[in-house]
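Structure first, then comments.
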Amino acid sequence: MINRDNNPWRPLPAPDIDWRDGIPVSKEFDDVYYSTDNGIAESHYVFLEGSQFRSHSKEKRLTIAETGFGTGLNCLVALNAWLDQSNQRASDSTLHYVGFEAHPLTKAQLQRAWEKWPTLSHLAKRLIRDWPQATHGCHRLYWPDWNITLDLWWDDAQQAMNDLASRRQRYFNIWLLDGFTPARNESAWSPSIFSTMAALSQKGATFATFTAAGDVRRGLTAAGFTVQKRPGFGVKREALCGQLDTIKVTPQATGITPWDLTPKMIPPKKAVIIGAGLAGSFAARALAERGVDVTVLEANAVASGGSSNLQGITYTRPSRRHGVLADFALASYQIATRLYNQLLGTTLIEGVDGQRCGYLQVTEDSETLDYLKQFADCDLPFRVLNAEKASDELGAPLTQDALFFPDASWLHPAAVCRERLSHSRIQLHEFCGNCDFGSSTAGWQINDSLGNRYDSDILVLATANQLTEASETAWLPLQTIRGQTTHVPATESSSGLRTAFCHEGYLPPPRLGVHCLGATYGPQDTALDERPADHRVNLQKLASALPSVSFPTTEAAISGHVALRCTTTDYLPVVGPVPNRAAFNACYASLKAKKTRFIDEECPTMPGLFILAGLGSRGLTAGPLAAEILVSDIMGEPSPVPRYLQQALAPARFLKRGIIRGRPL
């Protein structure tokens with residue numbers, strides 16, 4: 001299992017590439033990224049034909065893994081073939097492609113590589129548009145109009161595959177082995193790679209590769225694959241292909257107690273979600289886009305709770321060291337900005353529902369700024385700017401260095417919720433009051449306060465602080481944070497702002513002539529009254545951080561809004577299956593004596609009951625990734641995050657900590 005905790009944070013360096021007649025060649029491995037004869041023809045012959053792609057492509061859920069993603073040529077050739085064969089399968093069929101790459105190209109390198117293949121430009125443009133920056137981990141690209149999910153793991157393939165294998169699931173139908181040649185890149189062709197492949201493969205999974213090296217053939221055979229030789233492409237005499245006919249290897253025993261894993265389940269056909277804020281809306285959309293019929297029940301109106309502010313900003317905060325808080329914040333920021341940049345100008349109205357404006361972060365943490373400056377030449381989600389350049393970006397004078405996040409947006413949370421809930425498979429019921437629910441042999445029964453009953457395979461609770469009112473989740477250590485924002489009309493000094501400004505609070509460019517700035521922070525304060533003193537606090541903090549921008553301070557000129565946020569005691573969301581508290585405490589009781597003890601017992605859960613909550617003040621940023629983590633788990637798909645992050649979000653983490661501390665919840 002990957003664990004980066006407390007390691008120094010560093011991006012991945014760009015590969016050193018030599019361009020020979022427009023073809024990229026790795027200087028480190030002295031090897032080409034694809035055939036110098038005809039890369040597309042090679043990909044079709046070696047990988048698609050070799051892996052029996054045409055037979056697999058008729059399956060409703062096709063999952064492909066590639067070692068050595070490179071320029072993405074094999075991926076886009078496969079995606080193009082899958083789209084061309086759409087009339088041969090159900091309309092809601094999905095393709096999930098997982099690529100592993102330890103040396104990802106920069107966007108500029110990728111763009112140059114794809115100039116050679118205009119026949120795939122419709123796919124290449126989208127890949128280039130969404131190409132992830134050089135940060136470790138899994139980067140999920142989702143193209144719902146094509147029913148395609150693309151996970152790009154910027155990590156060592158063995159480590160990432162081991163991490164996936166630690167979940168004890170068999171995900172893949174097809175393997176494409178396309179690392180640099182075994183003679184120059186031995187680690188990508190090791191026996192442990194092949195055994196992990198087998199552990200992650202469904203019965204009948206196939207593989208294809210350009211090489212016929214004896215060590216590769218023997219390693220795949222030892223892992224349980226039936227291996228065949230076939231004529232190679234171009235100057236290569238032979239290539240290998242084969243399949244896993246018999247499951248000889250069980251998913252790897254990692255020695256990691258599976259307290260965080262969802263027991264394997266049949267993917268649901270129907271789901272009920274209680275709560276139509278950002279958490280519930282993102283979960284509903286993620287399920288609906290996977291073909292699940294979703295009913296969303298909301299006690300009041302959409303986005304009437306913690307998601308009810310006028311404006312919010314997609315926000316993250318880089319750190320000098322890896323840790324679950326910083327790593328989740330950066331990963332969620334990247335998937336959120338990718339999503340909103342797709343939606344703004346299409347289903348969200350630019351300037352009304354949001355604006356792609358970026359944001360500047362000023363901070364007193366000069367050590368972190370100095371540390372991050374060394375990565376100025378790397379492809380990252382942020383840049384460190386000196387005071388002069390930061391002032392130019394903002395459109396107002398600053399006297400200190402700042403971090404600039406060019407992909408960020410301000411957004412109107414209610415509009416985001418409504419947009420996510422606008423799907424043919426989602427039925428929304430507002431103003432239905434509080435709901436009660438109970439399990440049955442067939443799933444879950446939910447009753448609203450209007451006397452309506454709903455039956456469902458699964459139930460997702462996205463009810464924020466109300467989770468503590470249900471017996472199944474009352475033990476969760478949630479806390480309420482009162483936040484008051486201040487609404488002020490744009491002034492001459494504020495109208496020129498080109499980007500959002502973050503300090504101890506935040507100031508976005510105006511929405512329809514009004515700025516929403518703030519917000520106050522009031523732990524365990526549940527009052528909803530609007531307080532003039534809190535408006536003064538918001539305005540004073542802004543005046544101190546950005547004195548060149550001024551607003552009227554009279555009570556008649558300002559108004560605001562109060563919202564109650566839900567957060568956890570460790571400030572991370574709570575995402576995943578609801579454990580059966582009593583059974584969990586009994587099952588893992590011996591962790592009290594030794595917290596690293598391996599207990600090979602499946603996590604006791606409330607079958608079909610899940611949580612997505614605790615997003616705090618970062619619902620716009622954390623919501624998309626949290627929903628993908630939850631729904632991937634429910635549907636039995638590869639996870640979009642390393643397991644250490646999924647453990648950090650699992651509801652059962654609080655029960656486990658209670659046992660270890662000798663104070664079971």
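Keep in mind that what you see is a predicted model, and the values were worked out from it rather than measured.
- Of all non-hydrogen atoms in Ala286 and Glu628, the two that sit nearest each other are CB-OE2, 3.8 Å.
- Closest heavy-atom contact between Thr499 and Cys357: OG1-O, 2.9 Å.
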query: After noting the C-alpha distance and the side-chain angles of Gln361 and Tyr315, does the key distance pass the side-chain hydrogen bond (donor to acceptor under 3.5 Å, both in side chains) rule?
result: CA-CA 9 Å; Gln361 173 73 59; Tyr315 178 87; 3.0 Å; yes

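- Side-chain polar atoms of Thr196 and Gln158 form a donor-acceptor pair below 3.5 angstrom.
- A side-chain N or O of His136 and one of Asp155 form a donor-acceptor pair less than 3.5 Å apart.
- Across Val575, Leu625, Thr262, a single residue satisfies side-chain contact (heavy atoms from CB on, under 4.5 Å) together with Leu630, and that is Val575.
- Counting only distance, with no hydrogens or angles, the side chain of Trp131 and the backbone of Ala108 share no donor-acceptor pair below 3.5 Å.
- Qualifying side chain to side chain contact (heavy atoms under 4.5 Å, CB included) partners for Glu530, counting only residues two or more places apart in sequence or in other chains: Gln484, His535, Ser559.
- Salt bridge status for Lys656 with Asp260: absent, with no side-chain N to carboxylate O gap under 4.0 Å.
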task: Start with the C-alpha distance between Asp407 and Gln133, add both sets of side-chain angles, then the distance that settles side-chain hydrogen bond (donor to acceptor under 3.5 Å, both in side chains), and finish with yes or no.
output: CA-CA 11 Å; Asp407 296 328; Gln133 287 114 342; 3.2 Å; yes

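- Between Leu372 and Pro318 the shortest heavy-atom distance is CD1-CB, 3.8 Å.
- Heavy-atom minimum distance, Pro11 versus Cys378: CG-SG, 3.8 Å.
- Closest approach of Ala329 and Arg618 over heavy atoms only: CB-NH1, 3.9 Å.
- With respect to Asp392 and Lys389, no salt bridge is recorded, no charged nitrogen being found less than 4.0 Å from a carboxylate O.
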- prompt: Does the salt bridge (Lys or Arg N to Asp or Glu O under 4.0 Å) test come out yes or no for Arg317 and Asp365, once each step is laid out?
  reply: CA-CA 11 Å; Arg317 196 139 192 185; Asp365 185 1; over 6 Å; no

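- Asp163 places no side-chain N or O within 3.5 Å of a backbone atom of Met1 that could act as its donor or acceptor partner.
- Between Phe180 and Tyr33, the ring planes lie perpendicular to each other; the angle is over 60°, past the 30° to 60° tilted range.
- Looking at His322, Arg321, Arg4 one by one, the single match for side-chain hydrogen bond (donor to acceptor under 3.5 Å, both in side chains) with Asp327 turns out to be His322.
- Under the 6.0 Å cut-off for aromatic ring centres, Phe404 and Tyr359 do not qualify, their centroids lying 6.0 Å or more apart.
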